[in-house]
Amino acid sequence: MNAPDLITDSLVIAGKAYGSRLLVGTGKYRNFAETRAAIDASGAEIITVAIRRVNIGQNAGEPNLLDSLPPTQFTILPNTAGCYNAKDAVRTLRLARELLDGHALVKLEVLADEATLFPNMPETLIAAKELVADGFQVMVYCSDDPIQAKALEEIGCVAVMPLASLIGSGMGILNPWNLDIILDRARVPVLVDAGIGTASDAAIAMELGCDGVLMNTAIAKAKNPVLMASAMKKAVEAGRDAFRAGRMPKKIYQASPSSPTEGRIS
Amino acid sequence: MPVLQINGKPRNVPPGSSVENLIATLQLEGKRFAIELNGEIVPKSRHAATTFNDGDKLEVVIAVGGG
């Protein structure tokens, strides 16, 4: 490995290269100043936002999220959080595209159930087809099912984003084996989206060979979000480097001394 | 006077008023938002030319924090 390799290991999504493999959400922070400070500490270039009705007639002068996180400085990834069918998701992203001046990169998530926030895969597939046909570049939240992930890739999604565990649960990677199968078959970037709880979870995702990690609650709901954002940045980088370096083979129940066995005084 | 449903709530607007007029009334000028009228996006280029009819359903959305 030489130095240029370290510099050029970018995450490429829909033909665009990004230096950071950590994508972060902007929800659940105390205020926009904390949001901005945490995102700066995370080093993330792609940040997700939700699309919601404006509060008509109230607080006309209140600050706007995109004033703190301008699209000139970040790649804004609008999501469809809260959508439970394909129609609402497509409608939401068309509004997002208008709001962001024609921006095509989006995060599709169609939910199935309020208790689990598990993806509704039949509706996700319908929405993905419609969005791809309409010119969107779709990064898609999905179940950790290799068959569904492949189907989304074949529809034309630019990245597949299986959950590690339930959204906002912080339970970490529950099924690394499924992720492994998805990674083995995928020809588009695979990002773990949802379920990361702490830095080691992010590092494990990257060590498995994931192309990136998307998280929100793990940073926003840490006691110190800015410090956790910094930890996540390092974890994603460390996990990626470890993956690229190629770990040593595991030797089950078989020790191997690190120091020479020759020349011992006894 | 036409009555619209704006973000699910009724609101009167002066006859002949446009999306652009409404944006000014709501003090949204210069902000990032998007408008949908009866299920169809109204692009910025058509804000001035698009006028309302009684019963129109309007959605006005912005970006907020989300994951």
Side-chain angles (χ1 to χ4, degrees), chain A residues 23-29 31-32 34-35 47-71 76-82 87 91-92 94-102 107 109 117 141 167-168 193-194 214-220, chain B:
Chain A
L23 288 67
V24 297
T26 56
K28 300 182 179 175
Y29 287 96
N31 52 54
F32 292 154
E34 186 185 61
T35 314
I47 59 173
T48 64
V49 301
I51 304 298
R52 291 291 180 271
R53 285 171 162 174
V54 70
N55 211 348
I56 296 286
Q58 290 174 24
N59 311 321
E62 82 180 12
N64 183 298
L65 176 70
L66 295 181
D67 295 336
S68 302
L69 301 162
I76 307 294
L77 189 68
N79 71 23
T80 61
K87 186 169 169 274
R91 207 176 145 200
T92 298
R94 286 193 175 129
L95 279 162
R97 180 166 63 181
E98 165 65 14
L99 193 150
L100 294 166
D101 306 318
K107 172 182 161 178
E109 62 176 290
L117 301 178
Y141 168 64
I167 294 175
D193 178 3
L214 199 169
M215 66 182 74
N216 190 152
T217 313
I219 296 174
Chain B
M1 189 175 279
V3 181
L4 316 182
Q5 289 286 325
I6 304 179
N7 290 353
K9 287 180 186 157
R11 187 185 180 99
N12 294 308
V13 294
S17 64
S18 67
V19 171
E20 192 173 71
N21 299 144
L22 180 71
I23 289 163
T25 308
L26 299 177
Q27 296 176 271
L28 288 169
E29 290 158 311
K31 297 190 175 174
R32 276 191 180 271
F33 58 90
I35 303 264
E36 184 196 69
L37 181 60
N38 300 325
E40 298 290 329
I41 301 288
V42 184
K44 289 178 188 68
S45 58
R46 295 218 309 266
H47 285 182
T50 304
T51 54
F52 297 117
N53 295 307
D54 197 44
D56 276 350
K57 288 190 170 64
L58 197 76
E59 294 290 339
V60 188
V61 301
I62 56 168
V64 302

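Note on naming: letters A, B, ... go to the chains in the order of the sequence lines (proteins, then strands), and numbering restarts at 1 for each one.
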Contacts under 3.5 angstrom, residues 60-67 of chain B side chains, donor-acceptor by atom type, not counting sequence neighbours:
none

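- Contact count against chain B (heavy-atom pairs under 4.5 Å) is highest for A:Arg91 among A:Glu109, A:Arg97, A:Arg91, A:Lys28.
- The minimum heavy-atom distance linking B:Lys44 with A:Asp101 is given by the pair NZ-OD1, 3.4 Å.
- The minimum heavy-atom distance linking B:Ala34 with A:Glu98 is given by the pair CB-CG, 3.7 Å.
- Of all the listed residues (A:Leu69, A:Val24, A:Leu95), the one sharing the greatest number of non-hydrogen pairs under 4.5 Å with chain B is A:Leu95.
- Across A:Val54, A:Ile47, A:Ile51, the residue that shares the most heavy-atom pairs under 4.5 angstrom with chain B is A:Val54.
- Proximity to chain A is limited to the side chain of B:Leu28, based on heavy atoms less than 4.5 angstrom apart.
- There is no contact between A:Ile167 and chain B, counting heavy-atom distances below 4.5 Å.
- Contact record, A:Ile56 with B:Asn7: CG1-ND2, 3.8 Å, taken as the closest heavy-atom pair.
- Other residues, nucleotides and ligands contribute more than 12 heavy atoms inside 6.0 Å of the CD atom of A:Glu34.
- In this structure a side-chain-to-backbone donor-acceptor pair under 3.5 Å is missing from B:Glu36 to A:Thr92.
- Between chain B and the residues A:Leu65, A:Thr35, A:Asn216, A:Leu99, the largest count of heavy-atom pairs under 4.5 Å involves A:Leu99.
- The residues B:Arg32 and A:Asp67 are annotated as not salt-bridged, no charged nitrogen and carboxylate oxygen being separated by less than 4.0 angstrom.
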